[in-house]
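Notes follow once the structure below has been shown.
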Amino acid sequence: MFETLILMLDATMRVSTPLIFAALAGLFSERAGIVDIGLEGKILGSAFAAAAAASVFGSAWIGLCFGIVASICLAMIHGFACITHRGDHIVSGVAINTIVAGLTVTLSMYWFGMGGQTPALVGDARFLDITFPFADAIASVPVIGPIYSNLLSGHNILVYLAFAMVPVTYWVIYKTRFGLRLRAVGENPHAVDTAGISVAFIRYRALIICGILCGLAGAYLSTAHNAGFLKDMSAGKGYMALAALIFGKWRPVPVLLACLLFGFLDAVAVRMQGVEIPGIGQVPVQAIEVLPYVLTVLLLAGFIGKAIGPKAIGRPYVKERA
Amino acid sequence: MPYAIELRDISKRFGAVQANKDICLQVPAGTIHGIIGENGAGKSTLMSIIYGFYEADTGHIEVDGKRVDIRSSQDAINAGIGMVHQHFMLVENFSVLENVILGAEGGAVLKNGIGAARLELQRLAHEYSLDIDVDAIVEELPVGLQQRVEILKALYRGARILILDEPTGVLTPQEADHLFRILKALKEQGVTVLLITHKLREIMASTDNVSVMRQGEMVAHRETVNTSTEDLAELMVGKKVRLTVHKDDAQPSDVLLSAKNLSQFDSQGVKRLKNVSLELRAGEILGIAGVSGNGQSELLNVLSGITPMDEGEIHFAGQVINAKAPKNAAQMRDLKMAHVPEDRHKMGLVTGFEAYEAAVLGYHNSPVYNGKILMNRKAMLDECNERMAAWDVRPPNPHLKTANFSGGNQQKIVIAREVEQNPEVLLIGQPTRGVDIGAIENIHEQIVKLRDSGKAILLVSVELDEIMALSDRIIVMFDGAVVGELDAKDADERTLGLMMANAFNEEEGVSA
Amino acid sequence: MKAVFLASVTALAISSSLAQAASEPAVVYDQAGKFDKSFNEGVYNGVKKYTAETGIQVREFEPKNEAQVEQGLRRLAKRGYSPIVTVGFNMTSAVEKVAKDFPEINFTIIDGVIDLPNVQSVVFKEHEGSFLVGALAAMASKTNTVSFVGGMDIPLIRKFACGYEQGVKYQSPNATVYQNMTGSTGAAFNDPTKGSELAKSQFSKGSDVVFAAAGGTGIGVYQAAKDEGKLAIGVDSNQNHVQPGTMLTSMVKRVDEAAFKTYADSAAGTWKPGLVVLGLAEDGVDWALDDNNANLITADMKAKMEDIRAKIISGDIKVHDYMSDNTCNY
Amino acid sequence: MSQAKVPAWVNVALIPLLNILLAFLVSGLVILAIGENPIEAAGYLIYGAFGYDEGIGYTLYYATNLIFTGLAVSVAFKGGLFNIGGEGQAYIGGLGVGLICLSLDHTMPLYVIAPLAVIGAAVFGAAWGYIPAYLQARRGSHIVITTIMFNFIASSLMVYLIVNWLKEDGRMAPNSRTFEENAWLPYLHELFSPLGINIGDSPLNLSFIWALLCCVFVWGLVWHTRWGYQLRTLGTNPTAARYAGIDTAKVTIWAMLISGGLAGFVGLNEIMGVNHNLLLNFTAGYGFAGIAVALMGRNNPIGIILAAILFGALYQGGAELAFELPTITPEIVVVIQGLVILFSGALEHMFKDRIEGFFIRRAVA
């Protein structure tokens with residue numbers, strides 16, 4: 001039982017990683033007042049760019065850079081539409097998701113001609129797992145052994161980075177000048193503007209950070225968790241991250257917990273397919289898969305707590321005319 | 001001696017509208033300078049230019065005799081200019097401290113800045129008697145204190161020139177008095193104050209000099225001691241103001257509507273309306289006086305059925321309406337209650353609609369405008385044409401989008417809609433807000449005419465002059481409750497002002 | 001610009017009417033595409049081989065959604081392409097419809113059964129091949145624990161699983177076999193992330209050889225095996241080259257042969273409609289041994305495999321077909 | 001302010017046209033980047049969409065779905081609601097159609113099944129729109145997020161139902177049995193051939209006519225009924241709606257019911273008209289494409305028909321294009337779609353303000 005739990009948690013860490021990156025990305029964006037349902041598109045775009053670059057240059061790090069750049073570009077389109085041209089955030093997000101879904105396949109067909117995939121990545125073109133010192137040595141020690149060598153050790157660097165990003169995000173959001181301004185801009189952009197700070201500049205910077213984090217999420221998918229890009233490989237992770245963001249009420253630590261919960265449910269669901277549980281029979285996997293969305297809806301409807309987002313979210317900032 | 005701030009030939013145009021034209025202004029250091037003008041005279045635009053919100057098309061600004069380029073609020077702050085906006089620029093769920101340091105954090109990491117800010121705020125509080133709990137969350141503070149946070153924000157940034165845009169609109173007269181004492185203290189410390197208002201009394205009471213704006217132009221400068229309310233009023237509107245309305249004495253008869261102990265809570269559970277009782281008789285105008293935000297809007301909304309009451313009941317047209325048996329706005333209209341809302345843009349009109357569509361808003365279910373399944377467009381258009389002619393709406397084009405009419409004509413469309421339904425009771429809020437002088441007279445006459453035809457009218461206005469001129473009876477509201485009632489003949493500004501601050505008996509007891 | 005445009009439109013109209021006259025072979029892959037490293041790629045290899053040997057181009061079409069399957073088939077049929085090889089049971093209903101409407105065009109469907117006078121249905125005895133690789137897995141396993149990752153949870157995939165399990169148990173009766181299916185929709189054939197997760201969880205339970213019958217999902221399974229130093233078994237095509245050193249073998253389903261044979265027979269005039277069942281005896285399924293996995297297969301293992309293979313063909317070993325009764329009781 | 005001075009055709013025709021041109025221009029650049037000639041590609045595309053009877057049929061068949069989802073998005077939008085859940089509502093609507101057909105096709109004739117299927121599609125689709133609407137109207141949760149979540153929930157639900165309940169034992173493909181022919185909506189080419197009119201074989205079926213009727217219905221409903229008046233009031237000014245005594249919660253819920261019902265009709269076309277069985281993923285993104293159609297069509301039924309035909313042509317022409325030039329995937333159409341959403345939706349102010357400004361200046365001068 002304990003073994004199984006460790007294995008499930010181990011899988012949870014791997015599955016949650018892109019969710020954590022993307023949900024933190026959404027946190028930066030939405031705390032600055034920009035609704036971002038384009039997380040999905042940015043993840044997918046980055047996954048493609050990272051895999052393509054990694055396969056061409058043979059380096060996962062170069063892939064990561066390309067992934068981040070691609071994701072930032074998409075974030076800037078979102079910014080251009082929502083910040084500069086006061087466009088509807090939702091529409092812009094839908095547009096980005098749609099464009100990326102089409103473009104990644106079109107481009108990968110052209111470059112690699114493999115039905116919308118990139119070539120499989122080998123060796124340095126992928127982020128490989130890191131084994132902690134003495135992991136093998138103490139693997140057999142009860143309790144601590146499995147926790148250390150199975151759960152904590154043996155992930156790739158992006159997994160650790162994702163978890164490290166949570167305290168970093170917390171610090172940036174609550175303890176720095178940028179964070180103060182970012183939160184203020186999401187609550188009352190007029191206050192920020194009259195304080196002599198450019199609302200647009202803060203929002204653009206928030207979106208750049210959002211782009212970087214989505215870039216990490218996408219690169220993780222294609223160059224760390226998997227070994228190559230696949231059509232539609234983000235498979236709704238952006239939306240699930242959005243759900244986690246809401247579920248975590250736009251705060252870094254609860255958001256992390258929400259991501260872990262959703263990741264855990266996913267890890268459970270994967271292993272439940274077609275499995276007969278003695279006495280119960282088959283548990284429909286779909287029921288587990290759907291839980292994150294159902295929970296988020298229940299939360300939004302106020303049946304379990306209340307999710308109150310940043311006040312100025314989704315509203316374009318226009319200087320009022322006298 | 002150089003002026004603290006000098007404006008030279010400032011002009012600003014928004015599309016076809018000339019908001020400011022060749023504005024010149026000289027403000028000596030350490031004085032309080034008033035700027036008055038009607039709504040839309042261009043005061044706020046001018047202040048926004050000084051504060052870097054807009055860039056002037058032509059002209060320039062000098063501070064302490066030196067020309068400064070103000071392209072952003074940051075430039076204004078650097079030039080020592082601070083501004084207290086009409087609508088506070090505060091982040092409501094931040095603490096006072098966070099609000100104050102926003103934009104002047106003193107380093108990339110907050111920790112150091114916060115410590116320094118704490119000390120500086122203590123000093124400011126001491127020096128100008130601006131006491132405040134720096135760790136309080138802003139949205140939990142009363143309005144007067146929120147304004148104080150705004151002033152502290154400006155001073156913390158080292159402002160030597162402080163602009164206040166309509167600072168007393170949301171304050172009780174007593175809170176306002178306190179504000180002016182603070183301004184005097186600031187002045188003594190050498191701060192220059194620019195006070196924008198359309199309230200002549202404030203200008204006369206507190207300023208050293210006053211400038212008058214009209215239709216985007218600066219039309220006069222006066223030393224306050226050498227001018228008078230009448231003089232300024234005339235300069236402001238350009239002709240003699242007629243503040244009285246010709247009307248005969250009221251002939252009140254039956255009680256048409258009575259409200260008993262009405263209470264209502266907002267979404268946060270705060271009681272906005274507190275046990276309000278009133279009676280409204282046929283053939284009278286009942287005025288509701290009060291500083292804006294003291295429950296008048298809630299009262300109108302509850303009476304008209306827009307929001308349900310939480311406690312109390314209304315007797316109207318033989319019906320008892322209470323929390324258990326509420327009636328919505330449509331049902332109240334069916335009982336012949338009409339309502340001209342306080343804000344026609346937010347409520348009274350759908351600006352994207354063509355005039356003939358907006359002219360049936362609220363009455364769209366009436367059989368007059370409907371066939372069996374579809375609406376009867378012809379009937380709507382015919383009626384709209386008739387009314388536009390009768391009420392002199394210009395241009396008389398029922399297909400024009402309502403957004404494209406001027407404020408006065410929009411208001412005429414709304415009032416015509418409500419009055420022409422021949423209601424028994426008319427609720428009317430801020431009937432002349434943003435309406436030009438000519439239309440004001442017209443609207444006032446129509447209200448009196450309706451009264452004389454035996455209808456009951458409940459008038460809500462923040463303009464004391466309007467209340468006093470139109471009402472037969474006046475009720476004063478403060479903090480959601482009725483704090484006094486008097487006959488219009490016995491009302492004067494001082495009495496009403498004290499009642500509005502709920503300080504009638506204790507003079508200045510409750511001022512913040 | 002306008003002129004160029006009009007010219008190209010006219011040219012198009014002409015070229016497409018010309019195409020009507022041709023009678024060339026064609027292939028319609030399923031939505032996983034011809035580079036799935038598995039089933040479709042197998043067919044693609046057959047197509048390549050045919051083109052290489054005869055110089056005749058085969059018209060290829062990769063539909064991207066359900067509607068395009070039928071539309072693409074119809075378009076090919078209308079232009080006179082024949083025979084048309086279609087890949088996968090997902091196309092059954094579309095092929096059925098179009099084949100009815102174009103009785104003069106010949107169709108071959110791989111992995112599906114359609115009873116029409118102009119359709120050849122090719123199905124495989126996957127259970128036999130799976131039995132073989134199951135036995136090999138049991139031989140190679142050091143932990144006496146092996147596992148299976150299926151794609152979509154359907155009878156066909158259960159057939160693989162069941163055959164595999166029988167093979168394992170034949171070789172090593174007390175061995176443990178873990179089984180997981182990836183999902184219950186077509187997406188389960190194209191989800192390497194889940195594949196790798198499933199494989200990893202099987203590895204942590206002790207499995208050291210995994211057989212993936214999961215299309216594109218298998219890529220993730222093989223990757224996981226490589227990352228963790230375990231062995232994996234490929235499916236459909238010879239996938240030994242995907243992760244050399246990790247791939248123990250591949251359960252080869254000669255879809256390439258099926259496609260090649262359709263074209264070749266058709267050219268020779270010997271193509272016949274009806275059901276074609278290909279098993280070990282017909283070389284329709286087999287295990288793959290090449291340079292990529294030669295190091296992993298000892299002479300002893302090879303000998304045992306040849307023995308089992310012969311016994312299945314001779315009928316000494318009866319391999320239960322899951323799809324015959326939808327159970328895996330053997 | 002001075003919209004009066006901007007000629008109507010600017011908003012109705014010029015701006016949408018510019019948006020679509022820009023989208024084509026960018027896609028042309030993409031095609032150029034992948035080494036094909038955009039003009040040649042456009043040739044194939046137009047030929048495929050309009051060049052022959054069958055192509056036109058396919059174009060209109062795709063357009064049918066897009067009319068339904070476009071109308072769905074626009075009705076909700078008129079009430080100020082962004083229904084991003086058309087995909088899920090269409091999916092569940094198809095379930096309604098499928099269940100009716102599966103349960104009645106052995107016993108009932110088409111003229112009984114068809115109206116029931118229409119009702120089934122509407123009721124199921126509406127039901128799926130109802131929950132988010134209810135939650136928005138009564139519990140204050142944001143409809144965009146809930147409808148997104150409901151798309152995922154619908155997708156899982158359908159997998160569960162089809163795989164576990166509706167799939168025949170032993171069948172491989174996850175779909176229900178094929179309906180008897182009396183539960184098939186007649187193809188238009190079948191209906192027309194007795195009249196001597198010969199249109200090419202295509203999946204175009206009776207639901208196209210139903211889609212056109214829905215346009216008329218929506219036009220009348222939104223612009224000419226009391227309910228429509230209330231809907232538009234709510235959509236442009238919710239405070240005014242409360243002032244006017246409009247039950248905003250009720251209008252919100254009804255708007256989403258109608259929106260969901262319209263989206264559900266995609267099921268009619270796909271399940272009963274074309275596939276003749278209940279299968280997975282038949283919605284194929286039409287729900288999202290409806291957003292582009294509604295934006296492009298300016299939320300106006302005529303505009304929606306035109307936009308739906310345009311996108312239908314892109315789908316069909318795109319398939320033709322991919323068939324003729326295998327280096328170009330049909331996904332290029334998805335790119336065009338996304339660009340249209342970007343230019344005519346998210347970046348609408350970029351052009352609109354400038355163009356209107358131009359006309360206003362001209363009018364002033």
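We use all heavy atoms of the structure for the numbers below, so side chains are in, but hydrogens, waters and symmetry mates are not. Here is the naming used below: chain letters follow the sequence lines, and residue numbers restart at 1 for every chain.
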Shortest non-hydrogen contact between A:Y239 and D:M149, atoms and distance: O-CE, 4.0 Å
Pick from D:G345, D:S27, D:A346 with the largest number of heavy-atom pairs that fall under 4.5 Å of chain A: D:A346
Contact check, side chains of D:I328 and A:T106, non-hydrogen atoms, under 4.5 Å: no
Heavy-atom side-chain proximity of A:M109 to D:E331 below 4.5 angstrom: no
D:N164 and A:Q286: CA distance, side-chain angles, deciding distance, side chain to side chain contact (heavy atoms under 4.5 Å, CB included) verdict: CA-CA 11 Å; D:N164 292 292; A:Q286 292 80 22; 4.2 Å; yes
Closest heavy-atom pair and its distance - D:H349, A:H85: CD2-O, 3.3 Å
With sequence neighbours excluded, residues passing salt bridge (charged side-chain N to carboxylate O under 4.0 Å, His left out) with A:E289: C:K194
Interface residues of residues 32-48 of chain A facing chain D - non-hydrogen atoms under 4.5 Å apart: A:I37
Using atom types as modelled, flag every donor-acceptor pair under 3.5 Å from a side chain in residues 151-163 of chain D to any protein atom, sequence neighbours excluded.
| from | atom 1 | to | atom 2 | distance (Å) |
| --- | --- | --- | --- | --- |
| D:N151 | OD1 | D:G88 | N | 2.8 |
| D:N151 | ND2 | D:I84 | O | 3.1 |
| D:Y160 | OH | D:W165 | NE1 | 3.3 |

Point-to-point distance, once rounded to the nearest 0.5 Å, from CG of D:L342 to CD1 of A:I99: 5.0 Å
Max heavy-atom pair count under 4.5 Å with chain A, selected residue of D:I341, D:I31, D:L295: D:I341
Contacting moiety of D:L339, where chain A heavy atoms sit under 4.5 Å: both
Closest contact, heavy atoms only, A:V105 versus D:T329: CG1-OG1, 4.3 Å
Heavy-atom contact with chain A under 4.5 Å, split by part of D:F343: neither
D:F77 atom CZ, over 12 foreign heavy atoms within 6.0 Å: no
Top contributor to chain D interface from A:M240, A:R86, A:H89 [non-hydrogen pairs under 4.5 Å]: A:R86
Side chain, backbone, both or neither of D:A33 within contact of chain A (heavy atoms, under 4.5 Å): backbone
Distance in Å, A:N97 CG paired with D:F288 CZ, rounded so as to fall on 0.5 Å steps: 8.0 Å
Heavy-atom contacts under 4.5 Å, residues 132-148 of chain D to chain A: D:L135, D:R139, D:S141, D:V144, D:I145, D:T146, D:I148
Heavy-atom contact with chain D under 4.5 Å, split by part of A:L299: neither
